[in-house]
Enquirer: 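Take a look at this one; I'll ask things after.
Since the structure is predicted, the reported quantities are computational estimates derived from the model, not experimental observations. FYI, side chains are in, hydrogens and waters are out, and symmetry mates aren't considered; it's all heavy atoms of this structure.
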Amino acid sequence: MPCISLSNISYTFPNGFNLLKDISVSFGSGISGLIGVNGCGKSTLSKIAAGILQPSSGSVSKPQIVKYLPQISISPGDKTIVDLLDIGEKFRAFKRISAGFGDENDFKILDDDWSIEERINRALNKTGLKGFDLNTPAINLSGGEIVRTTLATLFTQNYEFVILDEPTNHLDKNGRELVVETINIISRSAGVIIVSHDRQLLRQVNRIFELSNLGIKVFGGNYDLYHEIRTAEIEAAQVNLMETQKELKTKIRKSHEVIGDQLKRTKVASKTKRDSGIPTIMLDKLKDTGEKSLKRTIETHNKRIEESREKLLDAKKNVVPDKKVKFDFREGGSHSSTLFACTEINIAPGGKPLWLNPLTFSISKNDRIRITGLNGSGKSSLCRVITGELPIITGEVTHLPKQVINFDQTLSFLDLNKTILENALEKGNFIVSETEIRIRLGRLGFYGDDCKKTVSSLSGGELIRAAVGVLVSMPEAPSLLILDEPTNNLDLKGIEMLSTSLRNFRSALLVITHDDDFANDLGITAEIRL
């Protein structure tokens, strides 16, 4: 059976930063999930496993035919279907040769792969795209067809191992189901590694590998079993740490008491002996004996304390440091009951009405509403109608929210050219002091000069935290908070913290998410289906 083995893998950036250090792990048959906090090196490790990146040190043993599939994009640019399959150049060389126009370079590119067209069509058939013209511009495809075409890449060869990096990010429900279906088919003949924070997808795996600054650890079973075991381990490790800290303090206190008592008794005994008229030579001998006894006592207690300190160090190693990040939303002020209301509305982003049935609905204070629908159904556009940015072509809007923040996928309410602190001060209308804002940003992990980072320089996870930091710096929470796929760039810990905080958010919430677990965590009260 196929296997990828990494032995003592380390990866160091040119600036000297060590991302991975002495990682040894083997990925076998079946489906393996690779998880970890953002920035821990999951993608780097998976690229090393695929042979795309070379480690700074260590060795890799892998099958000959390994496919690495990066995050699926539904924005194909100017590519054709065959380009999405990642073999466009070879296919075009085959076509030129078949038409009699091929040159020596075309034969070199084709490399005797004469069954390429048949193999491509077979791969497309497996993902439901039978009969498609391979030269069709990908821009003419629907989002679902682009996903199907990208997944067909996995069937163009008999891969021995397939590595997928965040395959369901930005995909709708149908796209996610296609990914799961494809992975289950591929895993029958090849090993599969999935790098993901998608809890639904991670429920399909046979085992989970967790990468952290402590190294890599394997858990048998899917996400639910991993979460149960990991939660129990974390709790046990924290209890053990607290007990070990308590034990060390007790030993230090007891040591001070015993040594102090012995010193006190020695002084009293010494004074008594001097007053008793015992010869000086005998007194010196007794003093020497007392000092040796005290020294042995001190050494014994120091040894016990040192053993407890070593035990404490071991206990700390089993507790993964938790970044003190806190999403602390402020409560909004008093608002009227109805924030938004519309009757029979429709929009026309492409020149014709988007929705077959015009929409009639309202949003009230404290509502928690989820907008669902396939990619392209107008979920984000509806949010722009609610914020007043996008005009309607039919119907009537009778209420618009006065205080609304659209936490969209591009985080457009942030100025990319300004720092986190500058954005927070502006959104707070300079009412909240800089000191208070710095404290709030610190709760989100932006300590000291971290809050002076330019927004454009932030990673995906940092961007989400920065956006929340600006939100919580406002003197009053918005009456309506719109969240458009907020979990796409968050790791599992970040998703958990965000959902926990949003449960405490007291204003109205409108959420676009394909993550059912996240939606369930928020306590959704209603759904708008597009």
Side-chain angles (χ1 to χ4, degrees), residues 74-75 143 169-173 175 329 332 335-336 338-350 353-416 427 460 463-464 466-468 470-471 474 477-490 498-499 502 505 507-516 518-519 521-530:
I74 55 173
S75 301
N169 234 14
H170 302 287
L171 297 188
D172 58 28
K173 183 178 180 181
F329 291 100
H335 304 284
S336 61
T338 302
L339 303 177
F340 176 86
C342 65
T343 306
E344 298 288 314
I345 66 166
N346 214 328
I347 58 175
L354 178 62
W355 301 308
L356 183 62
N357 298 310
L359 305 179
T360 298
F361 68 94
S362 64
I363 302 173
S364 299
K365 181 182 177 182
N366 298 330
D367 275 351
R368 290 174 175 261
I369 301 173
R370 181 184 183 186
I371 303 178
T372 61
L374 302 180
N375 289 333
S377 62
K379 299 186 296 296
S380 296
S381 295
L382 178 58
C383 292
R384 293 180 62 214
V385 170
I386 294 169
T387 60
E389 300 171 70
L390 189 66
I392 57 174
I393 58 166
T394 61
E396 181 183 14
V397 174
T398 57
H399 290 77
L400 276 175
K402 293 181 180 178
Q403 294 172 296
V404 58
I405 290 289
N406 188 3
F407 203 116
D408 58 22
Q409 293 184 47
T410 61
L411 299 176
S412 57
F413 70 95
L414 295 179
D415 188 329
L416 299 181
K427 286 295 180 185
L463 266 173
I464 297 291
V468 174
V470 171
L471 269 178
M474 296 173 66
S479 58
L480 173 63
L481 176 61
I482 299 174
L483 295 157
D484 192 345
E485 293 291 354
T487 64
N488 275 343
N489 294 308
L490 289 180
L498 182 58
S499 61
L502 286 171
F505 183 67
S507 300
L509 202 60
L510 189 66
V511 185
I512 298 173
T513 181
H514 295 300
D515 186 337
D516 290 338
F518 181 68
D521 288 344
L522 298 184
I524 296 298
T525 57
E527 184 177 335
I528 298 172
R529 298 179 184 175
L530 301 182

Enquirer: Nearest 0.5 Å please: distance from the CG atom of D521 over to the CD1 atom of I524.
Expert: 10.0 Å
Enquirer: Quick one: closest heavy-atom pair of H514 and G373, and the distance?
Expert: CE1-O, 3.5 Å
Enquirer: Got a sec, which residues hit side chain to side chain contact (heavy atoms under 4.5 Å, CB included) with D415, two or more places apart in sequence or on another chain?
Expert: N417, K418, N423
Enquirer: For the atom pair OG (S380) and CG (D484), what is the distance rounded to the nearest 0.5 Å?
Expert: 3.5 Å
Enquirer: Applying salt bridge (charged side-chain N to carboxylate O under 4.0 Å, His left out), name anything that partners R384, two or more places apart in sequence or on another chain.
Expert: none
Enquirer: Do L471 and L481 have side chains that get closer than 4.5 Å, going by heavy atoms?
Expert: yes
Enquirer: Looking at N169, is its backbone amide N or carbonyl O close enough to the side chain of N488 to form a donor-acceptor pair, meaning the two atoms are under 3.5 Å apart?
Expert: no
Enquirer: Can you sort out the partners of R370 under side-chain hydrogen bond (donor to acceptor under 3.5 Å, both in side chains), two or more places apart, ordered by chain and number?
Expert: D516
Enquirer: Holding to side chain to side chain contact (heavy atoms under 4.5 Å, CB included), I want the full list of residues that pass it with I345, two or more places apart in sequence or in another chain.
Expert: C342, L359, L382, V385, I392, V397
Enquirer: How close do G378 and L354 get, heavy atom to heavy atom, and via which atoms?
Expert: CA-CD2, 3.6 Å
Enquirer: Suppose we screen for side-chain hydrogen bond (donor to acceptor under 3.5 Å, both in side chains). Which residues come up paired with T513, at least two apart in sequence or across chains?
Expert: none
Enquirer: Under the rule for ring-ring contact (aromatic ring centres under 6.0 Å, His included), what residues qualify as partners of F518, not counting sequence neighbours?
Expert: none
Enquirer: Run S412 and N406 through side chain to side chain contact (heavy atoms under 4.5 Å, CB included) and show every step you take.
Expert: CA-CA 8 Å; S412 57; N406 188 3; 5.8 Å; no
Enquirer: Mind checking what makes salt bridge (charged side-chain N to carboxylate O under 4.0 Å, His left out) contact with D367, not counting sequence neighbours?
Expert: none
Enquirer: Could you go through the side chain to side chain contact (heavy atoms under 4.5 Å, CB included) check for L530 and W355 one step at a time?
Expert: CA-CA 8 Å; L530 301 182; W355 301 308; 4.0 Å; yes
Enquirer: Spell out, as yes or no, whether a donor-acceptor pair under 3.5 Å connects the side chain of T343 to the backbone of T360.
Expert: no
Enquirer: Looking at every non-hydrogen atom in both residues, tell me the closest pair between L522 and L502 and how far apart they are.
Expert: CD2-CB, 3.5 Å
Enquirer: Which value, rounded to the nearest 0.5 Å, describes the distance between S364 atom OG and I369 atom CD1?
Expert: 7.5 Å
Enquirer: Under the side chain to side chain contact (heavy atoms under 4.5 Å, CB included) rule, collect the residues that match up with S362, sequence neighbours excluded.
Expert: A341
Enquirer: Let me confirm one number: the OG1-CZ distance from T525 to R368, rounded to the nearest 0.5 Å.
Expert: 8.0 Å
Enquirer: Can you tell me which residue pairs pass the ring pair (Phe, Tyr, Trp, His ring centres under 6.0 Å) test with a partner in residues 359-393, sequence neighbours excluded?
Expert: F340-F361
Enquirer: For A508, give me all partners under side chain to side chain contact (heavy atoms under 4.5 Å, CB included), at least two apart in sequence or on another chain.
Expert: L339, I363, L480
Enquirer: With sequence neighbours left out, write down each residue that passes side-chain hydrogen bond (donor to acceptor under 3.5 Å, both in side chains) with E527, or none if nothing qualifies.
Expert: T372, R529
Enquirer: Measure the spacing between CG of N357 and CD of E344 and express it to the nearest 0.5 Å.
Expert: 9.0 Å
Enquirer: Start with the C-alpha gap between T394 and N346, add the side-chain angles, then the distance that decides, and say whether side chain to side chain donor-acceptor pair (under 3.5 Å) holds.
Expert: CA-CA 5 Å; T394 61; N346 214 328; 4.9 Å; no
Enquirer: Using the side-chain hydrogen bond (donor to acceptor under 3.5 Å, both in side chains) criterion, which residues pair with T387? Sequence neighbours excluded.
Expert: E389
Enquirer: How many angstroms lie between CZ in F413 and CD1 in I405, if you round to the nearest 0.5 Å?
Expert: 6.0 Å
Enquirer: Taking all non-hydrogen atoms of both residues into account, name the closest pair between I347 and P349 and its distance.
Expert: C-CD, 3.6 Å
Enquirer: Check the pair S479 / V404 against side chain to side chain contact (heavy atoms under 4.5 Å, CB included), numbers first and verdict last.
Expert: CA-CA 6 Å; S479 58; V404 58; 5.5 Å; no
Enquirer: Between C383 and L510, what is the shortest heavy-atom contact and its length?
Expert: SG-CD2, 4.3 Å
